[in-house]
Structure formats: structure tokens, C-alpha cells
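This report concerns only the one structure given below.
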Amino acid sequence: MSSERSAIILAAGLGTRMKSARPKVLHELLGRSLLGHVLRAVKAVGPERQIVVVGAAADQVREHLAEHAPESTTVFQDKQLGTGHAVRIAMEANPDLTGTVIVACGDAPLLRPDTLAELVEVHEKARNGATVLTAEVDDPTGFGRIVRDNEGNVLRNVEHRDADLGELAIREINSGTYAFDADVLREQLARLDTANDQGEEYLTDVLELAREAGHAVGAVVVDDPTEVLGCNDRAQLAALRRILQGRINTELMKSGVTMEDPETVWIDATVKVAPDVLLHPGVQLKGATAVDSGAEIGPDTTLTDTIVGAGAEVVRSHALQAHIGEGAHVGPFAHLRPASKLAEKAKVGAFVETKNAEIGRGAKANHLAYLGDATVGADANIGCGVITANYDGVHKHRTEIGEGAFVGCDTVLVAPVSVGDGAYVAAGSTIVKDVEPGDLAVARARQAALTDWVAKKRPGTVSDKAARRAKGEAGVSEA
């Protein structure tokens with residue numbers, strides 16, 4: 001028997017019950033498409049070739065594979081004439097396949113890599129012609145049943161709609177995941193017919209045909225029946241998401257992560273969280289996010305493709321493609337947009353927005369500021385209401401704020417402009433020229449007072465009466 005391994009993933013259906021222009025296998029489940037989860041499991045068995053059967057919306061699936069699994073090749077199934085037909089055209093397109101061929105469904109994302117590896121190991125060690133992954137479930141309605149003889153040997157699979165009353169009572173179901181000997185698979189696919197209720201070529205029939213041809217047929221019963229669940233509509237997708245959420249969160253908590261309310265914490269399968277991280281309720285960690293040890297996230301925080309350093313704290317905030325340094329503090333209600341980078345112990349507080357900005361070590365922007373296309377030096381202080389006016393309607397320009405600088409409240413820095421190390425900018429200024437290190441820049445109109453303006457221009461008003469009372473004028477009532 002050849003030691004080569006190949007995989008065929010069935011992903012040709014549109015999934016009409018999803019009610020979507022997107023093919024079913026591309027719907028997302030905690031950081032990966034359904035197909036992506038299956039491909040990750042398949043990768044664990046080390047296939048030399050990975051063949052994806054595409055059909056409906058084939059261009060979308062090919063584009064997805066080019067980005068996420070470029071090692072895959074595709075075979076086009078023009079008409080969906082059954083799983084047997086799909087595998088047959090894949091084999092015909094790859095006539096030199098030898099060894100073990102793994103077949104999996106592209107809409108079964110909960111299959112664990114270790115389970116698939118066990119299936120292949122059992123198959124190859126027993127030198128079976130075919131080995132099927134099965135599960136025992138409480139309600140087998142709609143699934144193919146595994147029929148065994150009195151000694152427990154696999155005889156055949158019977159589809160639910162073709163089963164008699166005795167077969168309907170069987171609780172062991174076919175998962176749709178198999179390991180085949182390539183030569184046996186090729187021979188038995190050629191014998192398939194369409195004499196069934198759906199008039200399709202059933203891949204499941206290969207089990208009985210292989211046994212009748214004298215080949216050993218085995219089965220591996222999965223420990224966790226949820227691994228074999230597929231997805232046909234949005235309700236089932238939500239159910240799978242909840243199962244995967246529980247699986248991810250349990251594994252993280254066992255690794256040393258604290259979650260105060262795991263049911264409200266959603267973490268993509270692609271995220272990395274170190275031990276001793278504290279996650280408060282309402283946290284969502286997405287994409288390539290990574291959180292280092294001792295960090296505290298939440299409550300009510302969403303981080304996407306964001307790096308969080310050790311000991312940092314992020315409270316009620318959103319971040320996308322940002323980098324938060326060790327011991328930094330973000331929030332509450334901060335918004336870190338792409339290319340925001342906070343150095344060690346930097347602080348971005350309430351209602352501060354950053355974009356393409358570098359906030360230096362120990363620098364502070366505590367509240368109500370916009371820092372876009374800016375560099376803020378170490379230990380600088382950014383006052384309330386500070387804005388870097390970075391966009392002129394056509395181009396973006398950069399603002400440079402030096403180390404130890406102090407920018408007063410309600411200041412507009414009109415880029416391109418720089419504030420030197422240790423410089424001060426007076427509150428309420430509009431800065432259009434560079435400020436030299438150590439200087440104080442004041443750029444605001446001189447205050448003027450028009451004496452008794454209210455008495456002259458607003459006589460008899462509430463303001464007028466209040467002013468007269470304050471001046472001690474007689475005869476002014478409270479009314």
C-alpha cells in the first residue's frame with residue numbers, strides 16, 4: 001500500500017437554505033470560513049494533495065482558496081449529481097492518486113484535527129479498503145445509518161429516506177468523513193448507480209460495494225458527536241458557533257485564562273491569549289488578535305487583528321489593526337483605528353480616537369481627542385479636545401509632537417506641523433507653524449470686553465437682570 005495521502009473536500013453546493021449569494025462553505029464561524037475549519041483539520045494528516053470540489057459560486061470559492069489555502073487545487077462539478085459523482089470527478093481529474101484518500105464535507109467545521117488523524121491511522125493500520133467516521137446520536141433523523149452485522153462489522157450505510165423501520169431505529173450515523181484506499185475507491189466509484197430515492201450517486205454506497213468486493217471496511221466512532229454536525233441554514237450556523245465558542249473558551253480557561261462570564265466572551269479560533277489574562281463580560285477578540293499575559297480586557301470591548309502587550313488594560317473600547325504596548329491603558333470608549341501604536345505605559349482615555357498614530361512611552365491623551373497621522377513623543381501630554389487636522393481634502397499630512405511636550409486643551413494642530421521636545425502649546429490655540437523645543441506657542445485671538453453690552457443690547461432680559469443684581473443695583477427683583 002502506498003504511503004501517499006490525499007484529501008478531497010466536497011464544497012460544490014450553494015446551500016440554498018442559507019438564503020445567501022455567498023456559497024454555504026464560505027460563511028464564517030469564529031474567524032474562519034466553514035471550509036477553512038475543514039481544511040485546517042485535513043492539514044493535520046499531511047496530505048500531499050488537497051482537492052476541493054467546487055460548483056455553485058465556484059469563482060468565490062476559488063478566490064477564497066487562493067487567499068487562505070493556495071496549496072489546494074479545485075475540480076469543477078458542473079451538475080450536483082451526488083457525493084459519489086463529486087468524488088468520482090475528483091478522482092478522474094487526478095488519475096495518479098495512490099495510497100489513502102480522505103474525503104470530507106466542506107460544511108462540517110467542528111471536526112477536530114486529532115479525530116481525523118485517528119481515522120487515518122486506524123484505516124492505514126488495519127489496511128482497510130474504506131473506513132468511515134461515525135457518531136452515536138440521540139436523534140439520528142435525516143442522517144445515514146450505519147448497518148452492522150451481529151459481530152459489529154460494518155455492512156453498509158443506508159440513507160434516512162431509503163431506510164426501513166428497523167434501520168431507522170439505528171442511532172449510529174455516517175458523518176460523511178472517510179478514509180479510502182485510492183484503488184478501492186476508484187474501482188467502486190465506477191460501480192455506483194442512481195437506484196435510490198434522490199436519483200444520485202451516493203458515496204455511501206462505496207462501503208457496501210467495497211465489502212462485497214472482499215475489502216475490509218471499518219469505522220471509527222467519534223467521542224464527541226458534535227464534531228460531525230454540518231450546517232444547512234443560519235440557525236444551524238448559530239448553533240455551531242455556540243458549540244465552538246464553548247470549546248474555545250474551555251480550552252483557554254484550562255490554559256490559565258480567566259473569564260468572568262464565558263457565555264458573553266467570543267474569541268475567534270485564530271486568536272492567541274496567554275495565561276493570566278483577565279477577560280471581562282462582553283469581550284470579542286477577532287482575527288489575528290494576540291493578548292499577552294497579565295492583560296485585562298473589557299468589559300464590552302472588541303479587538304480585531306490587534307496586539308495587546310503584557311499587563312495592558314483595555315476598557316469598553318474598539319481597536320482594529322492596532323498595537324497596544326506593555327502596561328498601556330486604553331479607554332473607556334476609545335477607538336483605535338488601523339496603524340495605531342501605543343508604546344509601553346502610554347494612555348489613551350475616554351472618547352479618544354487614533355489612526356496611523358504612534359503614542360510614545362508614558363504619553364497621555366486622557367480624553368476627547370483625535371490623533372490621526374501623528375507621532376507623540378514619550379511622556380507628552382495631550383489635553384482635552386486636541387485635534388490633529390491631518391486631511392486637507394486631498395492628502396493626509398503628519399503631525400509630530402515631541403518628547404515631554406504639553407499640548408493644552410481645545411488645540412488644533414494643522415498638519416504638517418511639529419511641536420518640539422518640551423514645548424508648550426497654550427489652550428485654545430490653532431497651530432499652523434512649527435513650535436521649537438522649549439517654546440510656548442499661543443495662537444488665539446486676544447480677549448476683549450465691551451462694557452455694559454448686555455444692558456445696552458439686551459435690556460430687560462434674564463441676563464440683564466442677573467448682571468444688574470451682581471453689580472448691586474437697587475430695585476432688581478428675582479422674578
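Nothing fancy with the numbering, it's 1 onward along the sequence.
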**OP:** Would you check if the side chain of T354 reaches a backbone N or O of L371 as a donor-acceptor pair within less than 3.5 Å?
**Re:** no
**OP:** Say whether, by atom type as modelled, one donor and one acceptor occur between the side chain of R337 and the main chain of Q321 under 3.5 angstrom.
**Re:** no
Original post:
Do the charged groups of R247 and E251 touch, with an N to O distance under 4.0 Å?
Top reply: no
Original post:
Should we count CD of E63 as having more than 12 external heavy atoms under 6.0 Å?
Top reply: no
Subject >> 4.5 Å side-chain heavy-atom contact, W266 and L285 >> reply: no
Original post:
Can you tell me if R316 uses its side chain to pair, donor with acceptor, with the backbone of D300 under 3.5 Å?
Top reply: no
Original post:
Under the side-chain contact (heavy atoms from CB on, under 4.5 Å) criterion, do V414 and T430 qualify, and how do the steps go?
Top reply: CA-CA 7 Å; V414 183; T430 298; 4.0 Å; yes
Original post:
Looking only at side chains, do T375 and E358 share a donor and an acceptor under 3.5 Å apart?
Top reply: no
**OP:** Taking the side chain as every heavy atom from C-beta outward, state whether V425 and V419 have any pair of such atoms under 4.5 Å apart.
**Re:** yes
Original post:
Going by heavy atoms in the side chains, are V271 and K286 under 4.5 Å from each other?
Top reply: no
Original post:
Are R444 and S429 close enough that a side-chain donor and a side-chain acceptor fall under 3.5 Å?
Top reply: no
Subject >> CD/E71: more than 12 non-hydrogen atoms of other groups inside 6.0 Å >> reply: yes
**OP:** Check whether any side-chain N or O of E118 sits under 3.5 Å from a backbone N or O of D114 as a donor-acceptor pair, and report yes or no.
**Re:** no
**OP:** Give the minimum heavy-atom separation between G331 and S317, together with the two atoms involved.
**Re:** CA-OG, 3.3 Å
Subject >> P299 backbone acceptor or donor facing H280 side chain under 3.5 Å >> reply: no
**OP:** Please examine the side chains of C231 and M18, heavy atoms only from C-beta on, and report whether any two atoms are closer than 4.5 Å.
**Re:** yes
Subject >> From V330, L336, T289, L320, residue fulfilling side-chain contact (heavy atoms from CB on, under 4.5 Å) relative to L303 >> reply: T289
**OP:** Identify whether the distance between the nearest side-chain nitrogen and carboxylate oxygen of K355 and E353 falls below 4.0 Å.
**Re:** no
Original post:
Could you give the distance from NE2 (H329) to NZ (K364), rounded to the nearest 0.5 Å?
Top reply: 12.5 Å
Original post:
In Å and rounded to the nearest 0.5 Å, what is the CD to OG distance from E436 to S418?
Top reply: 7.0 Å
Subject >> E344 side, atom CD; I359 side, atom CD1 - distance, nearest 0.5 Å >> reply: 15.0 Å
Original post:
Any side-chain heavy-atom pair from Q60 and P23 closer than 4.5 angstrom?
Top reply: yes
Original post:
Where do T177 and V132 land on the side-chain contact (heavy atoms from CB on, under 4.5 Å) test, with the steps shown first?
Top reply: CA-CA 6 Å; T177 300; V132 57; over 6 Å; no
**OP:** Could you tell me whether K272 atom NZ has more than 12 heavy atoms of other residues or ligands within 6.0 Å of it?
**Re:** no
Subject >> D224 with R112: basic N within carboxylate O range, under 4.0 Å >> reply: yes
Original post:
So does R5 pair up with E124, basic N to acidic O under 4.0 Å?
Top reply: yes
Subject >> Gap between atom CE of M253 and atom CG of L279 - 0.5 Å precision >> reply: 10.0 Å
Original post:
Got a donor-acceptor contact below 3.5 angstrom from the N249 side chain to the V265 backbone?
Top reply: yes
Original post:
Angle class for the H335/H318 ring planes (parallel below 30°, perpendicular above 60°, tilted otherwise)?
Top reply: perpendicular
Original post:
Near D96 CG, under 6.0 Å, is it more than 12 heavy atoms from other residues, nucleotides or ligands?
Top reply: yes
Subject >> Separation of E400 CD from L413 CG (nearest 0.5 Å) >> reply: 11.5 Å
Original post:
Does the T258 side chain pair with the main chain of L278, one donor and one acceptor, at a distance under 3.5 Å?
Top reply: no
Subject >> L133 CG to I173 CD1 distance, which is reported to the nearest 0.5 Å >> reply: 9.5 Å
Original post:
Are T100 and H123 close enough that some pair of their side-chain heavy atoms sits under 4.5 Å apart?
Top reply: yes
Subject >> Residue pair H397 / D392, side-chain donor-acceptor N/O under 3.5 Å >> reply: yes
Original post:
Heavy-atom distance under 4.5 Å between the side chains of V53 and I9, does that happen here?
Top reply: no
**OP:** Would you check if the side chain of D268 reaches a backbone N or O of T270 as a donor-acceptor pair within less than 3.5 Å?
**Re:** no
Subject >> Residues E159 and T204: side-chain donor-acceptor under 3.5 angstrom >> reply: yes
Original post:
How about S72 and Q50: does a side-chain donor come under 3.5 Å of a side-chain acceptor?
Top reply: yes
Subject >> Carboxylate-amine/guanidinium proximity below 4.0 Å for R361 and D379 >> reply: no
Subject >> NZ/NE/NH1/NH2 to OD/OE distance under 4.0 Å, R186 and E92 >> reply: no
Original post:
Is a side-chain N or O of H37 found less than 3.5 angstrom from the main chain of L110, in a donor-acceptor match?
Top reply: no
Subject >> Modelled atom types, side-chain donor and acceptor of N390 and T388, under 3.5 Å >> reply: no
Original post:
Between H68 and H64, what is the ring plane arrangement, given parallel below 30°, perpendicular above 60°, and tilted in between?
Top reply: tilted
Original post:
Quick one: do the S20 and H27 side chains pair a donor with an acceptor below 3.5 Å?
Top reply: yes
**OP:** Would you check, one step at a time, whether the test salt bridge (Lys or Arg N to Asp or Glu O under 4.0 Å) holds for E263 with R242?
**Re:** CA-CA 9 Å; E263 290 189 0; R242 179 66 72 179; 5.4 Å; no
Subject >> N/O donor-acceptor pair under 3.5 Å between N366 side chain and G349 backbone >> reply: no
Subject >> Of L237, D233, L34, L14, the residue whose pairing with K24 passes side-chain contact (heavy atoms from CB on, under 4.5 Å) >> reply: L34
**OP:** Look at R32 together with E28 and state whether they make a salt bridge at an N to O cut-off of under 4.0 Å.
**Re:** no
Original post:
Does atom CZ of R40 have more than 12 heavy-atom neighbours, drawn from other residues, nucleotides or ligands, at distances under 6.0 Å?
Top reply: no
Original post:
So V221 and E172, side-chain contact (heavy atoms from CB on, under 4.5 Å) or not? Walk me through it.
Top reply: CA-CA 8 Å; V221 183; E172 185 180 10; 3.7 Å; yes
Original post:
Side chains of D59 and V61: closer than 4.5 Å at any heavy-atom pair?
Top reply: no
